[in-house]
Amino acid sequence: MHNFKELKIWQKGRKFVKDIYILTRKFPKEELFVLTTQMRRAAISIPSNIAEGAGRGTDKDFSRFIDIATGSSYELESLIYVGYDLEYYSEEKMDIYLEKIQEIQKMLYHFKNHINT
């Protein structure tokens, strides 16, 4: 078992949840139960799955939860593009968020390789 609170990937994922909440606050009200919710759920899923996996008894189980977190990160990346396509934020803002999520994806990839060795 790992202490998830000490993991940099969990810390970064947790901070990114806040970023996504701030970003989606300005979405139109009609998006509250659609894009806003979907983006927030995908964001929350990243650190949540890291934490849940850390509490599992084996690295194999932990690796599976890292896979789930990775899937959520790619879902969120896609949704960031959708928000831009709907003109909810600028291309510059989109690029900032894409850079952050892609950094998390790289960290997840490397972390999974580390626990699988």
Side-chain angles (χ1 to χ4, degrees):
M1 291 190 15
H2 302 267
N3 183 347
F4 69 89
K5 292 174 274 188
E6 293 178 3
L7 299 173
K8 289 187 191 314
I9 186 63
W10 177 81
Q11 294 167 3
K12 187 169 282 295
R14 181 177 164 218
K15 288 177 185 172
F16 196 59
V17 170
K18 182 177 179 182
D19 292 341
I20 292 298
Y21 266 74
I22 291 168
L23 177 70
T24 57
R25 275 187 199 150
K26 297 183 181 186
F27 282 11
K29 294 295 180 208
E30 65 265 16
E31 289 294 355
L32 182 59
F33 298 108
V34 188
L35 188 59
T36 301
T37 300
Q38 195 67 23
M39 289 179 79
R40 289 176 176 184
R41 289 172 59 103
I44 289 169
S45 179
I46 297 167
S48 297
N49 277 291
I50 294 167
E52 186 171 354
R56 298 298 170 136
T58 67
D59 284 345
K60 182 178 178 183
D61 285 337
F62 196 5
S63 180
R64 186 169 55 87
F65 280 91
I66 295 300
D67 284 339
I68 296 167
T70 300
S72 294
S73 75
Y74 281 98
E75 176 186 6
L76 183 53
E77 180 180 4
S78 177
L79 294 168
I80 291 168
Y81 281 106
V82 171
Y84 170 74
D85 292 342
L86 295 171
E87 300 177 355
Y88 294 157
Y89 39 79
S90 68
E91 185 174 1
E92 179 182 343
K93 186 164 279 211
M94 176 188 70
D95 289 342
I96 291 167
Y97 281 81
L98 289 174
E99 184 177 315
K100 289 180 180 186
I101 195 64
Q102 289 163 0
E103 181 180 353
I104 290 170
Q105 290 164 348
K106 288 176 189 172
M107 290 177 75
L108 286 165
Y109 174 79
H110 291 297
F111 187 73
K112 182 178 177 187
N113 285 340
H114 171 74
I115 62 175
N116 285 334
T117 56

| request: Kindly indicate whether the side chain of E31, heavy atoms from C-beta on, has any atom under 4.5 Å from the side chain of L86. | output: yes
| remark: Minimal heavy-atom distance between F62 and G53, with the atoms involved, is CD1-C, 3.2 Å
| message | In the structure I gave you, are the side-chain heavy atoms of K26 and Y88 within less than 4.5 Å of one another anywhere? | response | no
| Is there side-chain contact between L79 and E75, with heavy atoms separated by less than 4.5 Å? | yes
| said: Rounded at 0.5 Å granularity, tell me how far NZ in K93 sits from CD1 in I80. | reply: 12.0 Å
| request: Indicate the atoms forming the closest heavy-atom contact of M39 with I20, along with that distance. | output: O-CG2, 3.8 Å
| query | To the nearest 0.5 Å, what is the distance between CD (Q102) and CD1 (I104)? | reply | 10.5 Å
| query | Considering all heavy atoms of both residues, which atom of L76 and which atom of I101 are nearest to each other, and what is their separation? | reply | CD2-CD1, 4.0 Å
| said: Would you compute the distance between atom CG of L98 and atom OH of Y84 and round it to the nearest 0.5 angstrom? | reply: 10.5 Å
| said: Does atom CD (E30) have a neighbourhood of more than 12 heavy atoms from anything else shown, all under 6.0 Å? | reply: yes
| field | Step-by-step side chain to side chain contact (heavy atoms under 4.5 Å, CB included) determination, Y21 to I44 | value | CA-CA 10 Å; Y21 266 74; I44 289 169; 3.3 Å; yes
| Are L108 and F65 co-members of a hydrophobic cluster defined by side-chain heavy atoms under 4.5 Å apart? | no
| Quick one: NZ on K100 to CG on D95, what's the gap to the nearest 0.5 Å? | 12.5 Å
| Cluster question for you: counting only ILVMFWY and a side-chain heavy-atom cut-off of under 4.5 Å, with indirect links fine, are M94 and L35 together? | yes
| said: Ring-plane angle category for Y89 and F27, please: parallel below 30°, perpendicular beyond 60°, tilted otherwise. | reply: parallel
| field | Flag, side chain of T37 to backbone of L32, donor-acceptor distance under 3.5 Å | value | yes
| query | Within a strict 4.5 Å, meaning less than it, do heavy atoms of the E103 and E99 side chains meet? | reply | no
| task | Describe, in one word, how the ring planes of Y97 and F16 are oriented to each other, choosing from parallel (under 30°), tilted (30 to 60°) and perpendicular (over 60°). | result | tilted
| Side chain to side chain, I50 and F111, heavy atoms closer than 4.5 Å | no
| Minimum heavy-atom distance V17-P47, with the two atoms named | CG2-CG, 3.8 Å
| request: Return yes when atom CZ of R41 has more than 12 non-hydrogen atoms of other residues, nucleotides or ligands closer than 6.0 Å, and no otherwise. | output: no
| said: Quick check for you: to the nearest 0.5 Å, what is the distance between T70 atom OG1 and M107 atom CE? | reply: 11.5 Å
| query | About how many Å separate CG of D59 and NZ of K112, when rounded to the nearest 0.5 Å? | reply | 12.0 Å
| message | According to a hydrophobic-cluster definition based on side-chain heavy atoms being under 4.5 Å apart (Ile, Leu, Val, Met, Phe, Trp, Tyr only), do I46 and Y81 belong together? | response | yes
| task | Return the minimal non-hydrogen interatomic distance between A54 and F4, and the atom names on each side. | result | CB-CB, 3.7 Å
